[in-house]
Amino acid sequence: MQIAVVGLGRMGGNIVRRLERNGHTCVVYDKNSKAVDDLVSTGSTAASSIEDIAKHLTDRPRAVWVMLPAGQITQSTVETLGGLLESGDIIIDGGNSYYKDDIKRAKVLAEKGIHYVDVGTSGGVWGLDRGYCMMIGGDKVAVDHLDPIFKTLAPGRGDIPRTRNRENIPDHRAEEGYIHAGPVGSGHFVKMVHNGIEYGLMQAYAEGFDILKGKNSSDLKDDERYDLNLTDIAEVWRRGSVVSSWLLDLTASALAGSPNLEHFSGNVADSGEGRWTIEAAIEEAVPANVLSTALYTRFRSRQNHTFGEKILSAMRFGFGGHVELGESATSSPKDYKAAE
Ligand SMILES: O=C(CO)[C@H](O)[C@H](O)COP(=O)(O)O
């Protein structure tokens with residue numbers, strides 16, 4: 001199948017590579033010409049501008065996957081594409097957009113008959129080889145049309161044992177690693193909550209390792225002090241323990257590389273989804289104690305840093321390639337919403 005991809009950063013470039021490795025053809029565009037050239041050298045077709053994309057897409061309906069940071073850049077790209085595409089064509093936002101922005105965009109595009117599909121895409125810098133877990137929102141016609149793309153990008157069943165009692169569930173897409181969550185916005189809503197949970201899980205590990213490290217504090221009684229080997233504790237917990245997980249794998253790897261995590265500032269940034277999860281919890285009057293605390297701890301981390309916050313930084317670097325160099329790494333929530 002033919003598809004265009006706009007935004008060839010950490011995720012977009014690898015999405016193109018995974019698609020092309022599996023027989024799809026891609027038209028690619030990015031402001032960074034090196035990112036475009038790298039992909040052209042392996043078979044992609046370059047578009048010289050967003051306007052140029054539509055000309056290179058020969059299949060009908062045309063499909064354009066936007067993989068850019070949430071906020072104004074995604075908004076303006078979707079608007080430009082909306083002006084260029086025609087009825088029946090499909091715009092996919094695979095970034096981490098705010099779901100209420102999706103709903104607004106879809107309404108505007110629907111006036112021209114253009115479909116808008118929101119895809120919460122999890123897999124970070126590892127997705128090229130492991131595949132991407134996708135949470136998809138949009139109308140059925142468009143989502144079904146894109147199924148070959150989703151099937152290729154998804155991890156597939158792999159060697160994960162089948163969940164008991166799923167035998168009678170006819171839709172197997174969840175087992176392949178993607179779901180059609182519901183109408184437009186629902187894909188990004190599910191991904192938003194996924195990221196809210198991510199904050200909570202990360203914070204739990206961070207606090208646990210901080211307590212382990214603090215057990216050597218000179219404030220404690222001499223016979224109650226332990227100089228624990230955190231690198232080995234992370235490693236042993238990966239093997240058969242109740243708290244094993246991919247986030248723990250990343251933590252173990254970071255600690256094995258540098259037990260004191262000197263390369264991480266502990267100044268923990270956020271890209272908006274944790275905040276929106278709390279907003280949703282407030283709208284629904286759902287108590288979200290752990291997720292709220294994890295979010296506020298990131299804010300506090302920008303004033304001073306615990307070892308646990310270096311653990312958080314290490315995990316964010318591990319799954320998303322996020323580099324937090326110092327105070328400038330903090331972000332503003334407004335940057336990521338297009339609608340306000
Ligand atoms: O979606 C992701 C992982 O699932 C991205 O890496 C996202 O940037 C993580 O959220 P935050 O930047 O707020 O820590």
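Just so it is clear, the structure is predicted and the values come from calculations on it, not from any experiment. Values below: all heavy atoms of this structure, side chains included; hydrogens, waters and symmetry mates excluded.
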Is there a donor-acceptor pair closer than 3.5 Å between any side-chain N or O of H145 and the backbone N or O of V141?
no

Is it true that R300 and E309 make a salt bridge, defined as a side-chain N closer than 4.0 Å to a carboxylate O?
yes

Locate the shortest heavy-atom distance separating S313 from V268; write the atom from each residue and the value.
OG-CG2, 3.9 Å

If we count only N and O atoms by modelled type, under 3.5 Å, do the side chains of Y116 and D139 hold a donor and an acceptor together?
no

Does the T80 side chain pair with the main chain of S76, one donor and one acceptor, at a distance under 3.5 Å?
yes

Once you measure the plane-to-plane angle for W246 and F319, does it fall in the parallel (<30°), tilted (30-60°) or perpendicular (>60°) bin?
tilted

Take atom CD1 of I160 as the centre, draw a 6.0 Å sphere, and report whether it contains more than 12 heavy atoms from other residues, nucleotides or ligands.
no

Contact check, side chains of D93 and R105, non-hydrogen atoms, under 4.5 Å:
yes

I would like to know whether S97 and D101 meet side chain to side chain donor-acceptor pair (under 3.5 Å); could you show each step before the answer?
CA-CA 7 Å; S97 284; D101 288 341; 5.7 Å; no

Crowded around K107 NZ? As in, over 12 foreign heavy atoms under 6.0 Å?
no

To the nearest 0.5 Å, what is the distance between NE2 on H180 and CG on L146?
10.5 Å

Below 4.5 Å, heavy atoms only, C-beta onward: do V64 and I92 meet side chain to side chain?
no

Any side-chain to backbone donor/acceptor pair from T74 onto P69? Under 3.5 Å, distance only.
yes

From CG (L220) to OH (Y226), nearest 0.5 Å
10.0 Å

Over all heavy atoms of both residues, which pair between A254 and L261 is shortest? Give the atoms and the distance, please.
O-CD2, 3.7 Å

Answer yes when K221 and D223 have at least one side-chain N-carboxylate O distance shorter than 4.0 Å, and no when they do not.
no

Go through the steps for S265 and E324 under the test side chain to side chain donor-acceptor pair (under 3.5 Å), then give the verdict.
CA-CA 7 Å; S265 67; E324 298 157 341; 4.8 Å; no

Could you tell me whether the side chain of I233 reaches within less than 4.5 Å of the side chain of L212, counting heavy atoms only?
yes

Backbone N or O of M134 within a donor-acceptor pair of the T121 side chain at under 3.5 Å?
no

Does a side chain donor of either K310 or N267 reach within less than 3.5 Å of an acceptor in the other side chain?
no

Would you compute the distance between atom CD of E273 and atom CG of N96 and round it to the nearest 0.5 angstrom?
3.5 Å

For H115 and S87, indicate whether the former's side chain and the latter's backbone hold a donor-acceptor pair under 3.5 Å.
no

If you measure only the distance, is there a donor-acceptor pair under 3.5 Å linking the side chains of T25 and Q2?
no

Do S44 and E20 meet the criterion of a side-chain donor-acceptor pair at a distance under 3.5 Å?
yes

Between F299 and Y296, how do the two ring planes meet: parallel, tilted or perpendicular, split at 30° and 60°?
tilted

Answer yes or no on whether R298 is positioned over the face of Y199, meaning its NZ or CZ is under 6.0 Å from the six-membered ring centre and within 45° of the axis.
yes

Is the side chain of R238 donor-acceptor paired with the backbone N or O of A252 at a distance under 3.5 Å, no angle test?
no

Any sub-3.5 Å donor-acceptor pair from D232's side-chain atoms to N229's backbone N or O?
no

Enclosure of K112 NZ (heavy-atom neighbours >12, cutoff 6.0 Å)
yes

Work out which heavy atom in A46 is nearest to a heavy atom in V40; give both atom names and the distance.
CB-CG2, 3.5 Å

Any link between I136 and I179 through a network of hydrophobic side chains (Ile, Leu, Val, Met, Phe, Trp, Tyr) touching at under 4.5 Å?
no

Step-by-step salt bridge (Lys or Arg N to Asp or Glu O under 4.0 Å) determination, D129 to R21
CA-CA 11 Å; D129 295 319; R21 274 184 193 175; 3.2 Å; yes

Classify the ring geometry of W276 against Y98: parallel below 30°, tilted from 30° to 60°, perpendicular beyond 60°.
tilted

Would you confirm whether D210, through its side chain, and G308, through its main-chain N or O, come within 3.5 Å as a donor-acceptor pair?
yes

Pairing of D147 and K151 as salt bridge, 4.0 angstrom limit:
no

To the nearest 0.5 Å, atom CZ of R130 lies from atom OG of S122 at 9.0 Å

When you compare the side chain of I90 with that of I114, does any pair of heavy atoms fall below 4.5 Å?
no

Are the side chains of L228 and K213 in touch, meaning some heavy atoms are under 4.5 Å apart?
no

Candidates D38, D30, D37 - the one meeting salt bridge (charged side-chain N to carboxylate O under 4.0 Å, His left out) with K34
D38

From CA spacing to verdict: salt bridge (Lys or Arg N to Asp or Glu O under 4.0 Å), K100, E283
CA-CA 13 Å; K100 292 187 184 180; E283 283 176 10; 2.6 Å; yes

Please name the pair of heavy atoms, one in S218 and one in R225, separated by the smallest distance, quoted to 0.1 Å.
CA-NH1, 3.4 Å

Taking the six-membered ring for Trp, are the ring centroids of F209 and W237 within less than 6.0 Å of each other?
yes

Closest non-hydrogen contact found for I91 with G82 is CD1-N, 3.9 Å

Are W126 and Y132 linked, directly or through other ILVMFWY residues, by side chains that come within less than 4.5 angstrom of each other?
no

Can you tell if the side chain of F189 reaches within under 4.5 Å of the side chain of D118, non-hydrogen atoms only?
no

CZ of R166 to CG of D171, rounded to nearest 0.5 Å, is 8.0 Å

Which heavy atom in V243 sits nearest to a heavy atom in L248, and how many Å separate them?
O-CD2, 3.7 Å

If you apply the rule side-chain contact (heavy atoms from CB on, under 4.5 Å), what do you find for Q203 with L312, and how did you get there?
CA-CA 7 Å; Q203 187 61 32; L312 295 179; 3.4 Å; yes

What I'd like to find out is whether the side chain of M135 reaches to under 4.5 Å of the side chain of V119, using heavy atoms alone.
no

Do Y29 and S48 have side chains that get closer than 4.5 Å, going by heavy atoms?
no

Under the 3.5 angstrom rule, does the side chain of R18 hit a backbone N or O of T152 as a donor-acceptor pair?
yes

Under a single-linkage definition using a 4.5 Å side-chain heavy-atom cutoff for Ile, Leu, Val, Met, Phe, Trp and Tyr, are L39 and I53 assigned to the same hydrophobic cluster?
no

Would E198 and N195 count as a side-chain contact (heavy atoms from CB on, under 4.5 Å) if you check the C-alpha gap in whole Å, the side-chain angles of each, and the deciding distance to 0.1 Å?
CA-CA 5 Å; E198 187 176 289; N195 281 28; 3.8 Å; yes

Is it possible for you to say whether L153 and Y178 belong to one hydrophobic cluster, with membership spreading through side-chain heavy-atom contacts below 4.5 Å?
yes

Treating Ile, Leu, Val, Met, Phe, Trp and Tyr as nodes and any side-chain heavy-atom pair under 4.5 angstrom as an edge, say whether M11 and V16 lie in one connected cluster.
yes

For E235, is there an ion pair with R239 - N to carboxylate O distance below 4.0 angstrom?
yes

Report the distance from atom CG of N260 to atom NE2 of H263, rounding to the nearest 0.5 Å.
10.5 Å

Donor-acceptor pair, side chain of R157 and main chain of E175, under 3.5 angstrom:
no

